[in-house]
There are 2 protein chains.
Amino acid sequence: MTQVPLTQEALADEGLTVRDRHALMHHEIRQRICLLDYLPGMRLSEAALAEEFGTSRTPIRRVLARLEDEGLVQSFHGVGTLVTDADFDALEQVYRLRVELTAMTGRLDPVPPDFGYIARFDQLVLRGAAIVQSGTARAFTQFDIDVFLTLQELTANQPLRQTLERLYFQTKRLWLRAAEEAQLDLEEEFKIFQHQLEAIQCALKSGDVEAVAHIQRAHISMSFNRLQQKAR
Amino acid sequence: MTQVPLTQEALADEGLTVRDRHALMHHEIRQRICLLDYLPGMRLSEAALAEEFGTSRTPIRRVLARLEDEGLVQSFHGVGTLVTDADFDALEQVYRLRVELTAMTGRLDPVPPDFGYIARFDQLVLRGAAIVQSGTARAFTQFDIDVFLTLQELTANQPLRQTLERLYFQTKRLWLRAAEEAQLDLEEEFKIFQHQLEAIQCALKSGDVEAVAHIQRAHISMSFNRLQQKAR
DNA sequence: GAATTTCATGATGTGTACAACACCAATGGT
DNA sequence: ACCATTGGTGTTGTACACATCATGAAATTC
């Protein structure tokens, strides 16, 4: 798989509204931060990003301002826009809130999965099996993001989804960072995640959205515990 | 109490960093929306706001973009920036999430109140008593905002506070709107709120932050129920 | 030689002109 | 009389020049 400049192509596409272009750039930069392409502390140049995305600084600044509100970057006048440090203690609060909110997805406006959804999830399980056998930490994270976004569809509560998305991307960096520092047993992590996927798959087929939420909650909580253990 | 142009004075103050100016304008415009100075559907002119705050459109646009992320306004190219409609059904989700999250403030990183905090809360109770006797819906809402922000200090969990603040300002308009449409018994609402304040005061003095959270939760839930009843 | 000052450099923040777009009223044709 | 077209007007979105600020290296002074 080669690194294609998909963002430039996508932005060159016509028929995109202003909102879409903004969302695309936001999504792309956020993903780069969470995949550690942009490491914590790294300086993001507005001018460089503007050139890359084929626009001026103004739209880029709007995206960066949003990312700043979301806690992923921080701008300093005269210095630059820096990727925030994924501090463990500070993110513990985010993790704990995520755990509670995830459990809530089963109670607040759950969406019963239809056949198409279950089919898509089956595809994800297959893709996960491939990663267990031969996958990098980065590919796994990318996969984890896709799974998360798919599971988000099971809640119709928009503010809950929006909040969970913010929290997810704030914490996700922590895992990948620990993995790259070899603090985590990658193979074990893959297997655990795959087991979780299969459990969710089972719950989905019985239409039990609340069970899906509980499985997720347990997984997030345990994942954080493993992280906490290895960090000390 | 006269309408003083406090924002212009505050913005004219030196020694304010860029962040502070941004926060001031954000706070001011958000408050105007929630106090229904800017009614749902009303068009906010960037140029007019820029002139009022003594700046150019650029910083105003940043504030409006943030308000758009928070769901209070929505911008349309070539049309304008409109205050979002406080739709009841859509905000029901927000209300329900608020109820759950408020209960969580007692469990996630509660902050035991010190003597100074209790003293400040006593002041609030006194101020509330004055509103019960002779207060407008607007003054009450302003008071409610201050109480909310004070109670927020009882949680050290930053993301939880940030989330609750978003949700609070999204729903607060609904109450004031119903009150102004005379759907609510104002005097009754005042008394109920004052009773809640005194209950919280009692809980604070025994240092039971979790009880404070539960009282809040119950109040928010009941307040929404009264709103729901009167709306039909 | 070390401390201090100065200044060059590059970053974000701001102001402003212009482009893109939506709305509406006036106008012309049918 | 009605409809389509067209242009005027006001809005948000974008590009760019400039202001403001922080940083570090170089020059200067003691």
Side-chain angles (χ1 to χ4, degrees), chain A residues 7-8 10-29 33 38-84, chain B residues 7-8 10-29 33 38-84:
Chain A
T7 59
Q8 280 198 4
L11 289 176
D13 276 349
E14 299 297 330
L16 282 176
T17 176
V18 173
R19 266 195 162 66
D20 295 334
R21 292 161 54 96
H22 174 79
L24 272 175
M25 291 192 291
H26 173 76
H27 193 83
E28 176 64 25
I29 297 179
I33 292 175
Y38 297 152
L39 288 167
M42 180 173 168
R43 206 192 54 205
L44 302 185
S45 167
E46 294 180 354
L49 286 172
E51 189 179 12
E52 180 192 353
F53 288 100
T55 179
S56 76
R57 276 180 56 213
T58 309
I60 295 291
R61 282 182 59 74
R62 180 176 169 149
V63 172
L64 290 180
R66 184 171 165 192
L67 289 171
E68 184 165 11
D69 288 338
E70 294 172 349
L72 294 182
V73 303
Q74 202 165 358
S75 291
F76 300 94
H77 190 180
V79 180
T81 301
L82 311 181
V83 178
T84 53
Chain B
T7 58
Q8 279 197 3
L11 289 177
D13 275 351
E14 300 298 330
L16 282 176
T17 175
V18 173
R19 267 196 160 67
D20 295 334
R21 291 162 56 98
H22 174 77
L24 272 175
M25 292 191 291
H26 172 74
H27 193 83
E28 176 65 24
I29 297 178
I33 293 175
Y38 296 153
L39 287 168
M42 179 173 167
R43 196 168 50 86
L44 301 186
S45 168
E46 294 180 353
L49 286 172
E51 190 180 10
E52 180 193 354
F53 288 102
T55 179
S56 77
R57 275 179 57 211
T58 309
I60 295 290
R61 281 182 58 74
R62 179 173 168 154
V63 172
L64 290 180
R66 184 172 163 189
L67 288 171
E68 184 166 10
D69 288 338
E70 293 172 350
L72 295 181
V73 303
Q74 203 165 356
S75 291
F76 301 94
H77 190 181
V79 180
T81 301
L82 311 181
V83 178
T84 53

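Per chain, numbering begins at 1; letters A, B, ... match sequence-line order. All values derive from a computational prediction rather than experimental measurement. Quick note: numbers below take in every heavy atom, side chains included, and nothing from hydrogens, waters or symmetry partners.
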Inset, instruction - Check salt bridge (Lys or Arg N to Asp or Glu O under 4.0 Å) between A:Arg43 and all other residues, then give those that pass, not counting sequence neighbours. - result: none

Legend entry - Test side-chain contact (heavy atoms from CB on, under 4.5 Å) applied to B:His27 - qualifying residues, sequence neighbours left out: B:Arg30, B:Gln31, B:Leu149

Legend entry - Euclidean distance, A:Leu67 CG relative to A:Thr81 OG1, rounded to 0.5 Å: 10.0 Å

Legend entry - A:Glu51 CD - C:dA11 P separation (whole Å): 12 Å

Legend entry - side-chain contact (heavy atoms from CB on, under 4.5 Å) partners of A:Ala48, counting only residues at least two apart: A:Ser45

Legend entry - Where chain A begins and ends its contact with DNA chain D, read 5' to 3' at 4.0 Å from heavy atoms: D:dG13 to D:dA22

Inset, instruction - Take atom CE of A:Met42 and atom P of C:dA11, then tell me their distance rounded to the nearest Å. - result: 13 Å

Legend entry - Interatomic distance, A:Asp20 CG vs C:dA20 C1' [rounded to whole Å]: 16 Å

Legend entry - A:Gln74 CD - C:dT12 P separation (whole Å): 14 Å

Legend entry - Comparing B:Glu46 and A:Thr55 on DNA chain D - which has the more 5′ nearest nucleotide: B:Glu46

Legend entry - Pairwise distance CZ(B:Arg62) to OG1(B:Thr58) - rounded to 0.5 angstrom: 11.5 Å

Legend entry - 4.5 Å side-chain heavy-atom contact, A:Pro59 and A:Met25: yes

Inset, instruction - Measure the shortest side-chain to side-chain distance between A:His26 and A:Glu70 over non-hydrogen atoms and say whether it is less than 4.5 angstrom. - result: yes

Legend entry - Sub-4.0 Å heavy-atom contacts from residues 76-83 of chain B onto DNA chain D, ordered by number: B:Phe76, B:His77, B:Gly78, B:Val79, B:Gly80, B:Thr81

Inset, instruction - Could you grab the distance from atom CG of A:Leu24 to atom CZ of A:Phe53, nearest 0.5 Å is fine? - result: 9.0 Å

Legend entry - Members of residues 57-69 of chain B that approach DNA chain D, where some heavy atom sits under 4.0 Å away: B:Arg57, B:Arg61

